[in-house]
Amino acid sequence: MHWRFLEGGELSYSRSISWCKCCTAYPRVVRSSKEVVDLPGLGPKLFKMIDEFLKDGEIKEARRAINSPRFGVLSLFSTIYGIGPSTARRLYDQGNRTFEDLERYYNEWERKNGKPSGMREALVLRDDLAQKIPRAEVEEMVEAICKHLDSIQEGFQHTMCGGYRRGKEYSNDVDIVFSRPGIDPKQDRGMCQALVTRLQEAGLVTHVMLLSSFTSQHSPFSRFSTSSQGIDTLDTALTVFKFHGEGRVHRRLDLIFAPWNVYWTAVVGWTGSTQFERDLRIWAKQERGMKFDCSGITRVHNSEQVFVHSEEEVFQVLGLPWIDPTMRNANA
DNA sequence: TTACATATT
DNA sequence: AATAT
DNA sequence: GTAA
Ligand SMILES: [Mg+2]
Ligand SMILES: [Mg+2]
């Protein structure tokens, strides 16, 4: 699956693999592809693969990918922040095979272009960011961050989202959604920036990868700006966090500030998983004629926004039963 | 045959 | 193109 | 690759 992502065209298998992974939550012995015909998303090609695995103990296509040196290098390069499939392929095609190759490549690039590429820092951070974060450390981070937020402005609620909320023992990063109940979002504009600055001053945030520019203040077309409903996009910061002291590791930290009236859609949107969000959007569009994303739910025909007051209500409005975060884990 | 999630930078 | 879920 |  990862191979297809790196080489392009991952849409083919991703949904099928997701359904297979769903089943790992309910393990059972499968003696033949006949026993999985009832699973959605699986067809003739996957049945053949399952039977091939049962017969040979492996799958030729998977073996080819694992043994491919190119696959190994592309996978490795993709673990660097800012390098995706396309750049990884280009770097490989230009002859790079190791991180040392990339250091040389970007040193040379910066010498020629006379400006920083940002990639040397990404290379330095890579080893730290590749390490998974135990739940206890996620909680430690959130406590420290909330303490700083509280010193700027009291009254914020927060939910830890991402893989942590889906119950994973280890997280790749930390995602926190904030909001102040009942407060006009205009009043809290700039809080994301303020918190990031405070954490930088405290030496806890070491890098800011992205700070969403809250430029989308009022689109010139929003005639209903009198209504206090913030249609604006969420204030988001993608950062790197590190505690003081020995033995501490850089961690990716995402801070999201949502207007109170879209707090719970933001929580659903940032809880994931990726595949769950995709399916939720498809369901909303096809079955309910609605558009779902983390900054709100809208009716497609009149773009009228539907506000909800709890996470349960997000599912009610979409005509779905409650789905526990731990049941949203399917990812290819 | 077509769609496959969607937003921001 | 890369990031986020 | 799968489903509508
Ligand atoms: Mg996460
Ligand atoms: Mg994140």
Side-chain angles (χ1 to χ4, degrees), chain A residues 1 3-6 8-20 36-50 61 77-91 117-119 122 129 159-166 168 171-177 192 207-216 231-240 252-256 258 262 264-287 290-298 300 314 318 325 328-332:
Chain A
M1 185 55 227
W3 176 77
R4 279 177 189 265
F5 176 71
L6 291 170
E10 102 285 9
L11 262 183
S12 45
Y13 281 105
S14 75
R15 189 167 302 269
S16 306
I17 305 293
S18 285
W19 279 106
C20 292
V36 294
V37 285
D38 52 327
L39 286 180
L42 301 205
K45 195 71 182 285
L46 266 292
F47 296 155
K48 273 186 190 162
M49 283 182 161
I50 289 165
E61 189 178 340
F77 287 180
S78 298
T79 64
I80 297 161
Y81 192 91
I83 297 184
S86 175
T87 308
R89 288 194 295 267
R90 179 174 57 75
L91 292 168
S117 67
M119 277 304 155
L129 298 186
T159 304
M160 305 178 223
C161 296
Y164 175 90
R165 187 150 185 268
R166 301 198 306 275
K168 304 199 103 74
S171 301
N172 295 310
D173 65 5
V174 177
D175 309 288
I176 317 173
V177 176
C192 189
H207 301 72
V208 179
M209 309 310 218
L210 181 148
L211 194 62
S212 80
S213 49
F214 43 103
T215 56
S216 56
I231 316 294
D232 300 354
T233 177
L234 309 181
D235 245 339
T236 304
L238 311 185
T239 73
V240 175
R252 278 278 293 103
L253 167 69
D254 294 337
L255 304 170
I256 300 91
V262 296
W264 291 110
T265 56
V267 167
V268 171
W270 277 85
T271 296
S273 66
T274 300
Q275 187 58 52
F276 181 81
E277 300 300 327
R278 289 175 165 189
D279 288 339
L280 206 55
R281 286 150 140 88
I282 291 176
W283 173 272
K285 184 157 71 173
Q286 295 186 345
E287 310 294 332
M290 292 172 154
K291 182 170 86 71
F292 172 87
D293 71 59
C294 56
S295 59
I297 303 170
T298 55
V300 167
V314 172
L318 295 177
R328 307 176 197 173
N329 262 313
N331 252 349

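Naming convention: chains lettered A, B, ... in sequence-line order (proteins, then strands); numbering from 1 in each chain. Keep in mind the model is a prediction, meaning the values are calculated, not measured. Hydrogens, waters and symmetry mates are skipped; everything else that's a heavy atom, side chains included, is used.
In this structure, A:Phe292 reaches neither bases nor backbone, as no heavy-atom distance under 4.0 Å exists between it and the strands shown. Contact annotation for A:Leu280: no contact, since no heavy-atom pair falls under 4.0 Å across all strands. In this structure, A:Arg166 reaches the sugar-phosphate backbone alone: every heavy-atom distance under 4.0 Å involves primed, P, OP1 or OP2 atoms, never a base. Within the nucleic acid shown, A:Thr87 comes within 4.0 Å of sugar-phosphate atoms alone, with no base atom in reach, counting heavy atoms only. Across all strands shown, A:Leu46 has heavy atoms under 4.0 Å from sugar-phosphate atoms exclusively, and none from any base. Nucleic acid contact for A:Arg328: none, since no nucleic acid atom lies under 4.0 Å from a heavy atom of the residue. Contacts of A:Asp173 with the nucleic acid, taken as non-hydrogen atoms under 4.0 Å apart, involve only primed sugar atoms and P, OP1 or OP2. Nucleic acid contact class of A:Ile80 (heavy atoms, under 4.0 Å, all strands): sugar-phosphate only. Residue A:Ser86 is classed as a sugar-phosphate contact, given heavy-atom separations below 4.0 Å to backbone atoms only.
The nearest whole Å value for the distance from the CG atom in A:Leu234 to the C1' atom in C:dT5 is 11 Å. Whole-Å rounding puts the A:Tyr81 OH to B:dT9 P distance at 13 Å. Rounded to whole Å, atom C1' of B:dT8 lies 13 Å from atom CD1 of A:Ile256. Straight-line distance from the CD1 atom of A:Ile297 to the C1' atom of C:dT5: 15 Å, rounded to whole Å.
The side chain of A:Lys291 contributes an N or O atom lying less than 4.0 Å from OP1 or OP2 of B:dA7. Between A:Lys285 and B:dA3 there is no side-chain N or O to OP1 or OP2 distance below 4.0 Å. One finds a side-chain N or O of A:Arg252 lying less than 4.0 angstrom from the OP1 or OP2 phosphate oxygen of C:dA4. Contact check, A:Lys48 against D:dG1: no side-chain N or O comes under 4.0 Å of OP1 or OP2.
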Problem set entry | Strand DNA chain C in bracket notation, Watson-Crick/G-U under 3.5 Å with | for pairs to another chain | |||||

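Rounding to the nearest 0.5 Å gives a distance of 13.0 Å between CZ of A:Arg89 and CD1 of A:Ile83. To the nearest 0.5 Å, atoms OG1 (A:Thr79) and CG (A:Asn172) are separated by 11.5 Å. In this structure, the separation between OH on A:Tyr13 and CD on A:Glu61 is 4.5 Å, given to the nearest 0.5 Å.
In plain terms, the two heavy atoms of A:Cys294 and A:Gly269 that are nearest each other are CB-CA, 3.9 Å. Contact record, A:Trp270 with A:Cys161: O-CB, 3.2 Å, taken as the closest heavy-atom pair.
Side-chain N or O atoms of A:Asn329 include one that pairs as donor or acceptor with a backbone N or O of A:Arg166 at under 3.5 Å. For A:Thr271 (side chain) and A:Gly162 (main-chain N/O), no donor-acceptor pair under 3.5 Å exists by modelled atom type. Between the side chain of A:Arg252 and the main chain of A:Thr239, a donor-acceptor pair closer than 3.5 Å is present.
With both ends at atom P, the span from B:dA5 to D:dA3 equals 15 Å, rounded to whole Å.
Where A:Gln286 and A:Asp293 each meet DNA chain B at their nearest nucleotide, the meeting point lying more 5' is that of A:Gln286.
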